[in-house]
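Worksheet: the structure to be examined is printed underneath.
Side chains are part of it too, since the values below use all heavy atoms of this structure and drop only hydrogens, waters and symmetry mates.
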Amino acid sequence: LMNFNEIFLFKLKLDLGLMEIKAIQDWADDKILNDHNDQIALNICYSKNDSEILNYINHLIITSEEKNQDQLKSVVALFILKEYFQNYLPKILDNQLDIHISKLRYLAFIADNLKEQKNEASLESYLIAYYDEITLAIEGNIGMMSPQIVYNQLYQYIDDWIEENNDENR
């Protein structure tokens, strides 16, 4: 049986465009070969279209009786944040900054539930601040560092944040 983490992982990856519905259908097909009674895989296999599969995944999350859902969501979001950082976020500032920041903020919002000390600034607030600073630098405001230098600081901050939070959740 599929667990909450797997379902939420599918949902986040779909939301971020890191996975296609086809991958979930392939997963369900493989699952059926191993266990022809797997209800979740059967429901996915017999879905008529992509939106039916998306609705089903959202339904599974909403109706889940899993304990500690926020904690589980945060752990999954941290896992995907690390994957996104390592595989999709370029080391050199590119013209996709808005898209990257948007995806990182979405994951940070969920992953920030891991932080025990709510009095420290969230990853999301740092992303916003760095984004503003990079935007100002791109616009050529006097006294600002180059956009790439600010982006390098952002990149290092995210790397450190992931490492620090990964250590806490082992």
Open item on the list: Parallel, tilted or perpendicular, judged at 30° and 60°: which one describes the rings of Y157 and Y130?
Closed with: tilted
- [ ] For residues W161 and A111, report the shortest heavy-atom separation together with the two atoms involved.
- [x] CH2-CB, 3.9 Å
Task: CD-CD1 distance between Q39 and I44, expressed to the nearest 0.5 angstrom - done: 11.0 Å
TODO: For E83 and Y88, work out which heavy atoms get closest and say how close.
DONE: O-CD1, 4.1 Å
Open item on the list: Nearest 0.5 angstrom please: D98 CG to I101 CD1, how far?
Closed with: 8.5 Å
- [ ] Find the distance between CG (L60) and CD (E6) and round it off to the nearest 0.5 Å.
- [x] 11.5 Å
Task: ring-ring contact (aromatic ring centres under 6.0 Å, His included) partners for Y131, two or more places apart - done: none
TODO: For residues L104 and Y84, determine if any side-chain heavy atom of one lies less than 4.5 Å from a side-chain heavy atom of the other.
DONE: yes
Determine all donor-acceptor pairs shorter than 3.5 Å in which one atom belongs to a side chain in residues 136-155; sequence neighbours excluded.
| unit_1 | atom_1 | unit_2 | atom_2 | d |
| --- | --- | --- | --- | --- |
| S146 | OG | I149 | N | 3.2 |
| Q148 | OE1 | L93 | N | 2.9 |
| Q148 | NE2 | K91 | O | 3.3 |
| Q148 | NE2 | N152 | OD1 | 2.6 |
| Y151 | OH | P90 | O | 2.5 |
| N152 | ND2 | Q148 | O | 3.4 |

Task: Sidechain-backbone polar pair: T63 side chain, H59 backbone, donor-acceptor under 3.5 Å - done: yes
- [ ] List in chain and number order the residues that pass side chain to side chain contact (heavy atoms under 4.5 Å, CB included) with D15, two or more places apart in sequence or in another chain; answer none if no residue qualifies.
- [x] K11, Y106
TODO: Identify the two heavy atoms, one from I32 and one from C45, that lie closest to each other, and give their separation to 0.1 Å.
DONE: CG1-SG, 3.8 Å
TODO: Kindly write out the residues that satisfy side chain to side chain contact (heavy atoms under 4.5 Å, CB included) with D132, not counting sequence neighbours, or none if the list is empty.
DONE: I128
Open item on the list: Tell me the closest heavy-atom pair linking E52 and Y46, and the distance in Å.
Closed with: OE1-O, 4.3 Å
TODO: Under 4.5 Å between side-chain heavy atoms, chaining through other members, with only Ile, Leu, Val, Met, Phe, Trp and Tyr counted: pull out the rest of the cluster around I99, sorted by chain and number.
DONE: none
- [ ] Kindly determine whether E66 and N3 satisfy side-chain contact (heavy atoms from CB on, under 4.5 Å), including the steps that lead there.
- [x] CA-CA 9 Å; E66 185 75 47; N3 69 30; 5.5 Å; no
TODO: Keeping the roles fixed (side chain from D38, backbone from K31), state whether a donor-acceptor pair exists under 3.5 Å.
DONE: no
- [ ] Please round to the nearest 0.5 Å and tell me the distance separating atom NZ of K103 and atom CG of L81.
- [x] 13.0 Å
- [ ] Hey, could you give me the NZ/CZ distance between K73 and F4, rounded to the nearest 0.5 Å?
- [x] 5.0 Å
Open item on the list: Please report the interatomic distance CD(E164) to CG(L123), rounded to the nearest 0.5 Å.
Closed with: 10.5 Å
TODO: Given side-chain contact (heavy atoms from CB on, under 4.5 Å), test I158 with I162 step by step and report yes or no.
DONE: CA-CA 6 Å; I158 296 169; I162 289 170; 3.8 Å; yes
- [ ] Mind listing the closest non-hydrogen atom pair of I24 and M19 along with its distance?
- [x] CG1-SD, 3.8 Å
TODO: Considering non-hydrogen atoms only, spot the tightest contact between L42 and H36 and give its length.
DONE: CD1-O, 3.6 Å
- [ ] Walk me through it: do L107 and L78 pass the test side-chain contact (heavy atoms from CB on, under 4.5 Å)?
- [x] CA-CA 7 Å; L107 291 168; L78 177 60; over 6 Å; no
Open item on the list: Under the rule for side chain to side chain contact (heavy atoms under 4.5 Å, CB included), what residues qualify as partners of I21, not counting sequence neighbours?
Closed with: L14, Q25, D50, I53, L54
